[in-house]
Amino acid sequence: MRLTLTETMCVRFRDTICVGLRKRMVEEQRRMPETMVEGHNVQATPFRLHCRTTNSSEWDWLRGALVTEDRDYGILNKVFHNITDTHVVHHLFSTMPHYHAMVATKAIKLILGEYYLLKECIYVELDTENRGVFSYINGHWALGTSENKWDLPNNVSKYTPWVPPQLDGRRTSATANRSLLNTASLRSPNLCPLSLSLLFTHFLCALTNILVHTFSIVFFFAVISVCVVNLEAILRETLTRGRYREGYGNCVKMGAGGRTDVPPANRKSEVDPLKRVPFEKPPFSLSQIKKVIPPHCFQRSVFRSFSYVVYDLTIAFCLYYVATHYFHLLPSPLSFLAWPIYWAVQGCILTGVWVIAHECGHHAFSDYQLLDDIVGLVLHSGLLVPYFSWKYSHRRHHSNTGSLERDEVFVPKQKSCIKWYSKYLNNPPGRVLTLAVTLTLGWPLYLALNVSGRPYDRFACHYDPYGPIYSDRERLQIYISDAGVLAVCYGLFRLAMAKGLAWVVCVYGVPLLVVNGFLVLITFLQHTHPALPHYTSSEWDWLRGALATVDRDYGILNKVFHNITDTHVAHHLFSTMPHYHAMEATKAIKPILGEYYRFDETPFVKAMWREARECIYVEPDQSTESKGVFWYNNKL
């Protein structure tokens with residue numbers, strides 16, 4: 001197996017360290033006595049040297065350099081550039097830069113062996129067998145005794161690596177360390193209790209560790225609290241959505257000051273979501289629709305757009321941190337419950353990240369196309385989406401929405417094109433199977449095989465730069481998209497080798513399946529509805545096609561998905577509008593659109609089942625003269 005340049009350098013670096021340490025340790029081992037503890041005939045071994053503190057008669061540089069330890073400060077290790085958990089190698093090779101210290105630490109652990117292991121130490125005692133060698137003793141207060149206040153129970157280390165508070169008449173600083181070394185049972189009247197300052201240091205170390213973990217938990221719940229604070233506004237908006245719709249109708253009659261107090265309970269009886277939208281050419285133009293939208297809705301803010309990126313990624317990181325650091329501490333029943341909750345919530349948050357990258361593809365993130373493409377490429381590649389490949393096919397979808405010949409996604413089939421096995425799936429078990437396959441495999445099948453996409457005269461694939469989906473000037477960017485996906489796949493492979501495949505699946509894989517499922521579901525429900533028409537080339541025009549879509553209500557998930565679900569009509573009319581203005585624009589265009597606007601409040605799970613049952617194929621309505629207008633049907 002060939003090694004990369006970085007791996008080769010690490011191997012050579014490790015070998016150099018190990019050879020140098022091995023030579024110095026062999027020399028030190030020859031100088032060691034055969035017995036270390038009175039009453040125990042034990043052959044001396046190199047690791048026992050570093051657990052002692054020596055005066056000038058016994059000290060040498062290597063033993064002194066090993067009288068230190070690495071500490072775990074959690075997330076602060078990275079903040080402190082790993083000075084905390086690579087201190088041993090720093091003492092051995094102080095000219096080594098910090099960004100290589102972790103690799104070096106892993107390399108020297110094998111040769112150091114138990115020199116590197118850790119345990120508590122409390123006070124120091126002169127070794128009677130080896131003059132000039134001092135060792136720390138882990139003392140415990142023996143309750144119920146009055147003669148000997150400092151006692152050592154069995155299996156407690158005698159030799160520990162602290163520098164004593166007082167050595168050779170000079171005061172030296174002490175740093176708390178732990179080392180699992182030689183064990184001995186000892187009771188001695190000559191023990192020197194550890195000074196109060198070092199006990200206080202012990203306390204500070206424990207307190208710091210507690211504070212770091214407490215801060216992580218508090219920060220996580222602070223983010224959750226922010227979401228809960230906004231819950232009231234989200235619910236209020238959901239409950240009053242129907243009232244807005246009725247109020248606009250009264251505003252048209254009563255003028256700009258018109259108001260309505262119609263109870264929300266009556267709104268469903270007045271608007272039938274299954275009533276077909278008009279298919280005639282609308283009496284308004286795109287420019288007239290744009291005039292009723294406040295001008296600021298078309299302004300894109302880099303700062304505000306990035307705030308949503310930071311917000312989503314912060315929540316995603318907090319969920320990851322809690323899952324990887326605390327779930328394993330839960331008892332089995334709670335752990336089995338915690339992971340599915342993590343998968344669902346993390347999948348929803350990452351769907352929001354996907355939506356922001358979707359904004360970049362529409363040039364709705366900022367005024368700078370290059371910045372939009374960089375952000376979109378990074379975010380989409382992290383979710384295994386070929387950004388530029390999807391961007392260009394999705395652009396054609398927006399240019400041909402509602403067209404039976406040229407639309408790119410969820411193009412309905414005519415009755416003559418229905419497969420022979422469709423009638424066997426037109427039942428509850430068959431629909432469950434169809435929905436399960438669509439939600440889990442629909443997105444990768446669409447990218448790889450163009451399933452449910454526009455039919456081409458030859459094989460179409462989003463990863464193929466020379467496929468029929470793309471033009472010659474787009475091929476280089478398709479290569480860039482493929483490189484981004486491959487880079488993330490390689491990173492996941494290395495992560496699986498380091499952490500294990502199960503870890504990658506639980507932390508990343510299952511949430512990604514949730515993202516893919518929501519992506520397919522959102523797109524399916526936006527363009528599949530019994531009330532929406534589809535057109536052949538004889539009847540299709542861009543405005544009617546853009547209006548052949550529907551806004552859906554996903555409850556609290558509307559905000560999580562950055563309102564891509566309930567502002568889709570406005571998005572198809574003005575795709576460069578940023579999502580944080582889409583709600584205001586939607587409210588502004590409802591009066592002028594009138595019956596051409598469709599909003600379905602049916603819960604998305606119920607709507608998914610209804611559309612899977614009712615929308616199997618399209619055919620022209622025999623009761624109308626327009627043969628180029630097709631409607632959904634389910635009669636096989």
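One-based numbering along the sequence shown.
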The side-chain contact (heavy atoms from CB on, under 4.5 Å) partner of W354 among N516, L519, L379 is L519

### Message
Determine whether R300 and H363 satisfy the following criterion, side chain to side chain contact (heavy atoms under 4.5 Å, CB included), listing intermediate values before the conclusion.
### Response
CA-CA 9 Å; R300 295 161 291 200; H363 194 24; 3.6 Å; yes

**Message:** Determine whether a donor-acceptor pair (N or O, by modelled atom type, separation under 3.5 Å) exists between the side chain of Y387 and the backbone of C360.
**Reply:** yes

Notebook entry, point to check: Without hydrogens or angle criteria, can the side chains of Y597 and D551 be said to hold a donor-acceptor pair below 3.5 Å?
Noted result: yes

| request: Just do the salt bridge (charged side-chain N to carboxylate O under 4.0 Å, His left out) check on R396 and D407 with the steps written out, would you? | output: CA-CA 7 Å; R396 291 182 176 85; D407 200 355; over 6 Å; no

Verify whether one side chain among H462 and S393 offers a donor that lies under 3.5 Å from an acceptor in the other.
yes

Less than 4.5 Å apart, any side-chain heavy atom of N77 and any of D72? yes

CE (M583) and OG1 (T567) are apart, to the nearest 0.5 Å, by 7.0 Å

Pair N563-Y580, side-chain donor/acceptor within less than 3.5 Å: no

Check your understanding: Tell me, do F524 and T438 make a side-chain contact under 4.5 Å, heavy atoms counted?
Key -> no

For this session: May I ask you to test the H581-F298 pair for a side-chain heavy-atom distance under 4.5 Å?
Result: no

> Is any NZ, NE, NH1 or NH2 atom of the basic residue among E611 and R552 found under 4.0 Å from an Asp or Glu carboxylate oxygen of the other?
Replying inline: yes

Does the Y368 side chain pair with the main chain of V302, one donor and one acceptor, at a distance under 3.5 Å?
-> no

Considering only heavy atoms from C-beta outward, does the side chain of Y326 approach that of L330 to under 4.5 Å?
no

Scanning both residues in full, the closest heavy-atom pair of D85 with D70 reads O-OD2, 3.0 Å

Checklist entry - Does the salt bridge (charged side-chain N to carboxylate O under 4.0 Å, His left out) test come out yes or no for D600 and R610, once each step is laid out? => result CA-CA 12 Å; D600 194 342; R610 183 190 65 196; 2.7 Å; yes

Using the rule given for ring pair (Phe, Tyr, Trp, His ring centres under 6.0 Å), can you reason through H562 versus Y308, listing the C-alpha separation, both sets of side-chain angles and the distance that settles it, and then say yes or no?
CA-CA 9 Å; H562 303 300; Y308 288 97; 5.4 Å; yes

Next on the checklist: Can you confirm whether V88 sits close enough to L112 that some side-chain heavy atom of one is under 4.5 Å from a side-chain heavy atom of the other?
Outcome noted: yes

| Any chance the side chains of H527 and H397 put a donor and an acceptor closer than 3.5 Å? | yes

For I349 and D312, the nearest pair of non-hydrogen atoms, with its separation, is CG2-O, 3.4 Å

Between H394 and W390, is there a donor-acceptor pair closer than 3.5 Å when you use the side chain of the first and the backbone of the second? no

For H98 and T86, which I'm curious about, is there any donor-acceptor pair between the side chains at under 3.5 Å? no

Closest heavy-atom pair, L557 versus C348, reported as atoms and distance to 0.1 Å, is CD2-SG, 3.8 Å

Q) With no hydrogens and no angle check, is any side-chain donor or acceptor of R431 less than 3.5 Å from a backbone partner on W609? A) no

- Query: Going through the checks in order, is the side-chain hydrogen bond (donor to acceptor under 3.5 Å, both in side chains) test met by S335 and H328?
  - Reply: CA-CA 7 Å; S335 178; H328 68 280; over 6 Å; no

Does a salt bridge link E474 with R395, judged by any charged N lying under 4.0 Å from a carboxylate O?
-> yes

Correct closest heavy-atom pair for M577 and A585 would be SD-CB, 3.5 Å

Any side-chain heavy atom of D553 within less than 4.5 Å of one from T565?
-> no

With the side chain counted from C-beta on, respond yes when Q299 and R304 share a heavy-atom pair under 4.5 Å apart, and no when they do not. no

inquiry  = Using only atom types and a distance under 3.5 Å, with no angle test, would you say the side chain of S305 pairs donor to acceptor with the backbone of F365?
reply    = yes

In this structure, NE2 of H571 is separated from OG1 of T576 (nearest 0.5 Å) by 10.0 Å

query = Would you say S94's side chain and H90's backbone share a donor-acceptor pair under 3.5 angstrom?
reply = no

Heavy-atom closest pair (L447 atom, Y463 atom, distance to 0.1 Å) is CD1-OH, 3.6 Å

CZ (F518) and CG (L513) are apart, to the nearest 0.5 Å, by 12.5 Å

Worksheet item: Would you say the side-chain atoms of H398 and E408 include a donor-acceptor pair closer than 3.5 Å?
Response: no

dist T105:OG1 -> L92:CG (nearest 0.5 Å) comes out at 9.0 Å

#### Entry: Any donor-acceptor N/O pair, W343 side chain to C506 backbone, under 3.5 Å
yes

ask   = Where the side chain of Q526 meets the backbone of T549, is there a donor-acceptor pair that is under 3.5 Å apart?
value = no

request  = Verify, without hydrogens or angle tests, whether S381 (side chain) and L377 (backbone) share a donor-acceptor contact under 3.5 angstrom.
outcome  = yes

- Query: Do Y508 and L384 pass the side chain to side chain contact (heavy atoms under 4.5 Å, CB included) test, and can you show the C-alpha distance, the side-chain angles, and the key distance before you say yes or no?
  - Reply: CA-CA 11 Å; Y508 177 84; L384 299 184; 3.5 Å; yes

On a heavy-atom basis, the closest approach of C615 and H529 is SG-C, 4.0 Å

Between Y490 and F493, how do the two ring planes meet: parallel, tilted or perpendicular, split at 30° and 60°? tilted

* Any side-chain heavy atom of F327 within less than 4.5 Å of one from V322? -> yes

- Have D372 and H362 got a donor and an acceptor in their side chains that come within less than 3.5 Å? no

Interatomic distance, CG@L350 vs CG@L512, rounded to 0.5 Å, equals 8.0 Å

Between the CZ atom in F604 and the CG atom in L521, the distance rounded to the nearest 0.5 Å is 6.5 Å

ask   = Checking side chain to side chain contact (heavy atoms under 4.5 Å, CB included) for the pair V385/W443: CA distance, chi angles, key distance, verdict?
value = CA-CA 10 Å; V385 178; W443 178 241; 3.9 Å; yes

Item to complete: Indicate yes or no for a side-chain donor-acceptor contact from D373 to the backbone of L370 under 3.5 Å, with no hydrogens or angles considered.
Response: no

For Y554 and V560, run side chain to side chain contact (heavy atoms under 4.5 Å, CB included): C-alpha distance rounded to whole Å, both residues' side-chain angles, the deciding distance at 0.1 Å, then the answer. CA-CA 10 Å; Y554 282 67; V560 179; over 6 Å; no

